[in-house]
Every structure is written in C-alpha cells, then in structure tokens.
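Some notes on the structure that comes next.
Every heavy atom of this structure was used, including side-chain atoms; hydrogens, water molecules and symmetry mates were not.
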Amino acid sequence: MAVAVRGSRGGGGSVFGGLGLRSFFSYRIFVSAMFSLLFFATLSVLLTTNPTTPHHDSTLPTTGNAYVHRTFLALKSDPLKTRLDLIYKQANDHITLVNAYAAYARKLKLEISRQLKMFDDLARNFSDLQMKPSYRASLFESDDPVDEDVLRQFEKEVKDKVKIARLMIVESKENYDNQLKIQKLKDTIFAVNELLVKAKKNGALASLISARSIPKSLHCLAMRLVEERISHPEKYREEEPKSEFEDPSLYHYAIFSDNVIAVSVVVRSVVKNAVEPWKHVFHVVTDRMNIAAMKVWFRMRPVEGGAHIELKAVEDYPFLNSSYVPVLRQLELANLQKFYFENQAENATKDPHSMKFKNPKYLSMLNHLRFYLPEMYPKLHKILFLDDDVVVQKDLTGLWTIDLDGKVNGAVETCFGSFHRYVQYLNFSHPLIRERFNPKSCAWAFGMNIFDLDAWRREKCTEQYHYWQNLNNDQMLWKLGTLPAGLITFYSTTKSLDKSWHVLGLGYNPGISMDEINNAAVIHYNGNMKPWLDIAMNQYKNLWTKYVDNDMEFVQMCNFGL
C-alpha cells in the first residue's frame with residue numbers, strides 16, 4: 001500500500017509539471033510577439049511621415065506621439081537645419097515686434113511719422129531677406145544638406161537687422177512706454193515750474209522797480225517847473241491864505257502826494273464833473289522837494305470853475321515831528337534803517353514779495369498824514385480823502401450828505417467770500433491782535449474816504465493810531481502800509497458805502513468790466529501799474545489820460561504819456 005501510494009504521487013507530479021512548463025513558454029512567446037508587432041507598427045508610422053517638409057511650413061503634432069516624433073526628428077535632422085530653424089525663428093520674432101511698434105506708431109499718426117516709416121522699412125527688409133532667391137533655393141526649398149557658408153551669410157544679415165531693430169526700439173521706447181512718458185512729463189512739468197517760479201520772481205521785482213521809479217517825462221516836468229520858478233521868482237510870490245480854506249460849509253478834499261501830474265488829474269477830474277465847482281476846496285500837501293513845482297503848476301494852470309486850492313509842505317505843520325509821530329520816530333531806529341536801506345538788491349532776488357514791504361514809502365510821512373486830518377484842519381467838520389491815483393467821474397457832493405450813523409469813516413468794503421478779511425492784513429497769531437479783533441471782519445478801501453472829523457475827535461482815533469503804531473516797532477502786528485493801521489484805527493467806526501462810489505483794481509486787475517467802471521463815481525488805479533507808467537494797462541489808461549492837461553507847455557515839452 002505504501003509503495004503504491006508513493007508511486008502514484010510521483011506519477012501525478014510529472015504530469016502536472018510538464019503542463020506548467022509548456023504554459024510558461026507559450027506566454028513568453030505571446031508577449032514577445034506583441035511587442036514586436038507594436039514596434040513595427042510604430043516604426044511604420046514614423047517612416048510614413050514626410051521628412052522633407054520645409055522647417056518653416058511644418059507643424060509638429062501636439063497630441064499622441066508628439067514627443068516621440070520630435071525626438072526622432074532631432075536625431076534624424078541635419079544640425080545645420082536646426083541652426084537655420086533658430087535663425088529663422090529669431091527673424092520672425094523681430095518681424096512681429098517691429099510690426100507691433102509700427103501699428104502703435106500709426107495710431108499716433110503725424111507725431112512720429114518718421115519712426116513709422118523706419119519700422120515699416122525694417123519689417124520689409126526682414127521679409128525681403130528671407131525671400132532672396134539665393135537663400136530660398138539653398139536653405140528653404142532644397143532637400144540637400146544645408147550649405148554652411150550660405151547659412152553663415154544668412155545668419156550675419158539677420159543679426160545685423162536684429163541689431164538695428166533693437167536700437168530703434170530702444171531709441172523709440174519712450175514714445176510707447178507709458179511709465180517712461182509719465183516720468184518724462186513729470187520732469188518737464190518740474191522744470192517748467194522752476195522756470196515759472198523764477199520768472200514770477202523776476203517779474204515781481206521788475207514790477208516793483210518800475211512802480212518805484214520816476215518816469216523820465218515826470219522827472220522832466222518837475223525840473224521844468226522848478227526851472228520856471230527860479231527863472232521868474234517875481235511871478236510866484238506867496239499868496240495869503242483864503243477864507244474858503246477854513247469854511248466848513250464848502251466841500252473839502254485832502255490830497256497828499258509828491259506827483260504833480262497825478263494831483264492835477266485828480267483835481268481836474270473832480271472839477272470837470274462837479275455841478276458847483278466853486279464850492280470845492282482842495283488841500284494838497286507834498287514834501288519840501290516838490291512844493292515849488294506844485295505851486296508853479298497851479299499858478300500857471302489855475303483850477304477851473306472857480307474851485308480853490310491850498311498847497312502846503314509837510315514841514316508847514318510843526319506838530320508833525322518825531323516826538324509826536326511814531327512813524328518819524330521809527331525811522332530814526334537803527335534796525336529799521338538797516339531793514340529798509342541795506343542789502344535791498346540782494347534781498348529782492350531772494351524774495352521779491354518781501355521787497356514790497358521794504359519800500360520806504362510805507363514809512364513816508366505823506367503816506368501817514370491821513371491819520372492827522374483833524375489836527376491839520378481843525379475848523380472843518382467833514383473832509384473827503386482822495387489818493388493821487390484816482391480819477392473822479394461823477395459829482396461827489398452826495399458823499400457829504402450821507403448819514404454815517406455817528407461813525408468816523410465812510411468807505412467801500414472790499415471783502416468777498418474769505419478774501420480781504422482782517423486775517424489777511426493782521427497777525428492773528430499775536431495775542432494782542434487775537435484778543436481785540438475779529439479775523440473775519442470785512443476790510444475796506446483807503447483811497448476815497450469821507451471822514452467825519454467831529455466823530456474822529458470824539459473817538460480819539462489819532463490816539464488809537466499812535467497806540468498801535470508804537471506797539472508795531474518790530475512789525476510783528478502787521479507788515480508795513482497804512483491800510484492795516486487804518487483797519488485797526490477805525491475798527492467798528494467805519495460805515496460801509498455803496499460799491500458804486502469807489503471801484504478798485506485798475507492798477508493790477510485786467511478783468512474789471514467796463515460797465516462797472518462806467519457806473520463808478522471814483523475809479524482807483526491801486527497796484528503797481530499806475531496810469532502814468534509805461535507798464536499801465538492800456539484798456540484803462542485812457543480813462544486817466546483824458547484828464548491830463550495836454551495844453552500845458554511843459555507837458556508837451558516833456559512828451560508826457562508818449
């Protein structure tokens with residue numbers, strides 16, 4: 001039994017072993033056959049692809065066996081053809097870039113028409129290079145190996161044109177690059193702004209110099225008048241004062257100036273427009289240097305219509321001395337003398353605006369006489385103050401009948417919106433100013449002011465002026481000029497007049513309407529462009545020159561106004 005069992009096991013094992021070995025070899029043969037078939041199928045597909053297709057016309061597949069295809073071509077292709085491909089691609093890339101810049105140049109049209117032509121020519125040169133018969137036959141249409149000499153020549157020409165294209169693009173880039181254009185525009189704006197600031201400073205300085213200078217014709221006129229006084233002293237003897245000078249029932253004017261022709265225009269314009277000129281009295285005060293010229297002028301050309309004129313010098317009022325008048329006392333201070341009279345040219349180039357306040361006229365006694373009217377004319381009740389740069393166009397007697405409601409000063413207000421308020425004239429960072437005045441209070445104009453001298457004396461306005469002027473020795477309360485001092489002196493004692501009485505700005509503002517000017521009783525050439533200067537504005541000048549006495553022989557001799 002045991003033998004039978006072992007024999008039976010052995011016989012069974014050999015049968016099953018033979019069957020497994022045969023199956024194993026059959027499987028290997030099947031797998032090998034399948035791989036062989038797959039290899040031959042792939043090879044047949046690759047060999048059916050046309051390898052002679054020109055490089056620049058072929059489109060490699062992007063799916064399936066693309067990677068295998070490209071690898072096979074790389075192994076099979078001529079290295080010179082690969083190099084040709086790269087050169088050709090570089091040329092085409094630069095054609096595309098040049099055409100893009102040319103398209104943008106066309107949008108800009110005439111501004112860069114030269115660049116547009118250059119880009120078009122360059123793109124055409126690239127295309128013509130590829131179409132040359134020698135290159136096309138040898139490099140692009142032939143199945144033969146690439147001629148290395150021809151390829152080298154082609155590469156050289158392509159690189160030369162690429163270099164030119166890049167240089168053109170760099171040169172023209174700022175026309176197309178927005179950031180570069182923005183930066184260039186900013187640089188230009190900055191440079192122009194610097195020039196503008198410099199021009200404004202130079203213009204302001206030139207304007208100040210012109211405004212402060214004496215025109216040749218005006219200097220000539222004054223010299224001729226003085227010469228006449230010296231040549232004929234018997235004709236110009238002093239006259240006795242007239243009773244009309246102190247008659248409070250008449251219409252009195254105060255004019256303080258050293259300009260002969262300007263005073264004559266003011267007086268002539270008042271008289272020519274007055275209904276009753278014989279009732280008008282003019283009190284003209286000048287300095288010692290010009291008093292002779294003033295007296296000769298009005299002796300040679302008497303005031304028309306029977307009006308009266310009183311001519312005096314500042315020195316004829318003995319109370320106007322440095323012990324009483326703060327302005328005269330301040331002129332004696334060493335620091336103010338240094339401020340006004342030293343290094344003016346140097347300071348003007350740095351800040352022409354500050355040069356304006358360094359003009360000594362702001363401390364001239366003629367400029368500050370307006371604060372002493374009650375003492376200069378003690379018997380008068382009302383007086384009309386006029387600057388020498390005004391022209392009167394209507395009868396002014398109505399000003400004496402205006403009820404000032406107990407106020408001292410009748411004036412036209414100049415504020416509108418936030419402009420010409422007290423804050424523009426006074427230093428409100430100073431505690432004395434901040435505590436006493438409202439920064440939003442409306443400013444008013446000096447130049448045509450009707451003063452109630454009785455109310456002035458009652459309110460003690462001159463004492464107020466002295467108090468504040470003494471506190472302003474260091475110019476910390478306000479800068480120079482009479483308007484800030486007047487705003488302080490007559491604060492809360494000023495009556496607002498209708499604006500048609502007094503129109504300002506003809507010496508600096510070219511935008512004043514002629515309707516406003518024609519309706520005004522008084523027009524004022526405040527500013528630097530005075531009507532007797534060459535820098536005067538032409539549209540307003542004739543309103544002043546028509547009152548110049550052109551029949552006066554010295555005016556003709558000095559070519560005044562020409």
- request: Quick one: do Tyr377 and Leu373 satisfy side chain to side chain contact (heavy atoms under 4.5 Å, CB included)? Show the steps, please.
  value: CA-CA 6 Å; Tyr377 310 107; Leu373 290 171; 3.9 Å; yes

Sub-3.5 Å donor-acceptor pair from the side chain of [X] to the main-chain atoms of [Y], do we have one?
X      : Y      : answer
Gln424 : Arg421 : yes
Asn472 : Met476 : yes
Arg224 : Phe554 : no
Tyr540 : Ile512 : yes
Asp187 : Phe190 : no
Gln393 : Ile517 : yes
Asp316 : Lys312 : no
Tyr236 : Ala292 : no

Nearest heavy-atom pair of [X] and [Y]: which atoms, and what distance?
X      : Y      : value
Pro277 : Val271 : CB-CG1, 3.9 Å
His381 : Asp454 : ND1-OD2, 3.0 Å
Gly410 : Leu404 : CA-CD2, 4.0 Å
Leu386 : Val392 : CD1-CG2, 4.3 Å
Gly481 : Trp478 : O-NE1, 4.0 Å
Ala293 : Ala222 : CB-O, 4.2 Å

Residues [X] and [Y]: side-chain donor-acceptor under 3.5 angstrom:
X      : Y      : answer
Ser513 : Asp515 : no
Thr462 : Trp456 : yes
Asn473 : Gln330 : yes
Arg434 : Asn427 : no
Tyr425 : His420 : yes
His283 : Tyr253 : no

Find the distance between [atom1] ([X]) and [atom2] ([Y]) and round it off to the nearest 0.5 Å.
X      : Y      : atom1 : atom2 : answer
Leu453 : Lys379 : CG    : NZ    : 14.5 Å
Arg299 : His232 : CZ    : NE2   : 13.5 Å
Asn509 : Leu504 : CG    : CG    : 10.5 Å

task: Verify side chain to side chain contact (heavy atoms under 4.5 Å, CB included) between Leu195 and Asn193, making sure each step is shown before the conclusion.
output: CA-CA 5 Å; Leu195 293 175; Asn193 187 61; over 6 Å; no

Salt bridge (Lys or Arg N to Asp or Glu O under 4.0 Å) evaluation trace for Arg229 with Glu227: CA-CA 5 Å; Arg229 172 71 175 79; Glu227 182 183 11; over 6 Å; no

task: Please assess Tyr372 against Tyr317 for the test ring pair (Phe, Tyr, Trp, His ring centres under 6.0 Å), listing each intermediate value before the final yes or no.
output: CA-CA 10 Å; Tyr372 299 95; Tyr317 297 93; 10.0 Å; no

When you compare the side chain of [Y] with that of [X], does any pair of heavy atoms fall below 4.5 Å?
X      : Y      : answer
Leu250 : Trp278 : no
Trp468 : Ile433 : yes
His368 : Gln469 : yes
Asn409 : Thr493 : no
Val314 : Thr286 : no
His466 : Tyr324 : yes
Phe282 : Val270 : yes
Ile488 : Leu426 : yes

task: Flag the pair Glu240 and Lys242 as a salt bridge only when some basic side-chain nitrogen lies within less than 4.0 angstrom of an acidic carboxylate oxygen.
output: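 Result for this pair is no, no salt bridge flagged.
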
field: Charged N-O contact under 4.0 Å between Asp452 and Lys382
entry: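 Not counted as a salt bridge, because no side-chain N and carboxylate O are separated by less than 4.0 Å.
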
- prompt: Do you know which of Glu239, Glu310, Glu238 makes salt bridge (Lys or Arg N to Asp or Glu O under 4.0 Å) with Lys295?
  reply: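 It is Glu238; the other options fail the test.
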
Might you confirm whether atom [atom1] of [X] has over 12 heavy atoms from other residues, nucleotides or ligands at distances under 6.0 Å?
X      : atom1 : answer
His219 : NE2   : no
Glu234 : CD    : yes
Phe319 : CZ    : yes

field: Derivation of the side chain to side chain contact (heavy atoms under 4.5 Å, CB included) call for Met365 and Leu328
entry: CA-CA 7 Å; Met365 198 58 234; Leu328 294 177; 3.8 Å; yes

- request: If a pair satisfies side chain to side chain donor-acceptor pair (under 3.5 Å) and one of its residues is in residues 499-508, list it, with sequence neighbours excluded.
  value: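 Side chain to side chain donor-acceptor pair (under 3.5 Å) check on residues 499-508 returns Asp498-Ser500, His502-His524.
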
- prompt: Do we get Lys272 above Tyr547's six-membered ring, with its NZ or CZ under 6.0 Å from the centre and within 45° of the axis?
  reply: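 Relative to the ring axis of Tyr547, which defines the angle, Lys272 lies outside at least one limit.
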
Quick one: side chains of residues 255-265, donor-acceptor pairs under 3.5 Å with protein atoms, not counting sequence neighbours, listed by atom name and distance.
unit_1 : atom_1 : unit_2 : atom_2 : d
Ser257 : OG     : Asn259 : N      : 2.9
Ser257 : OG     : Asp388 : OD2    : 2.6
Asn259 : OD1    : Ile261 : N      : 3.3
Asn259 : OD1    : Ala262 : N      : 3.1
Ser264 : OG     : Ile261 : O      : 2.7

query: Can you check salt bridge (Lys or Arg N to Asp or Glu O under 4.0 Å) on Glu459 and Lys407, steps first, answer last?
result: CA-CA 9 Å; Glu459 297 291 338; Lys407 303 290 181 68; over 6 Å; no

message: Applying salt bridge (Lys or Arg N to Asp or Glu O under 4.0 Å) to Glu228 and Lys235, what does each step give before you reach the verdict?
response: CA-CA 10 Å; Glu228 171 70 13; Lys235 294 170 59 175; 3.6 Å; yes

- request: Output, in order, the C-alpha distance, side-chain angles, deciding distance and verdict of salt bridge (Lys or Arg N to Asp or Glu O under 4.0 Å) for Asp405 and Lys495.
  value: CA-CA 8 Å; Asp405 299 326; Lys495 168 81 171 183; 2.7 Å; yes

task: Could you go through the side chain to side chain contact (heavy atoms under 4.5 Å, CB included) check for Trp297 and Asp549 one step at a time?
output: CA-CA 11 Å; Trp297 174 280; Asp549 190 352; 4.1 Å; yes

Phe385 and Phe446 aromatic ring geometry - parallel, tilted or perpendicular at 30°/60° bounds: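 Judged by the thresholds at 30° and 60°, the geometry between Phe446 and Phe385 is perpendicular.
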
message: So, using salt bridge (charged side-chain N to carboxylate O under 4.0 Å, His left out) as the criterion, who are the partners of Arg370 when residues are at least two apart?
response: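 Arg370 satisfies salt bridge (charged side-chain N to carboxylate O under 4.0 Å, His left out) with Asp387 once adjacent residues are dropped.
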
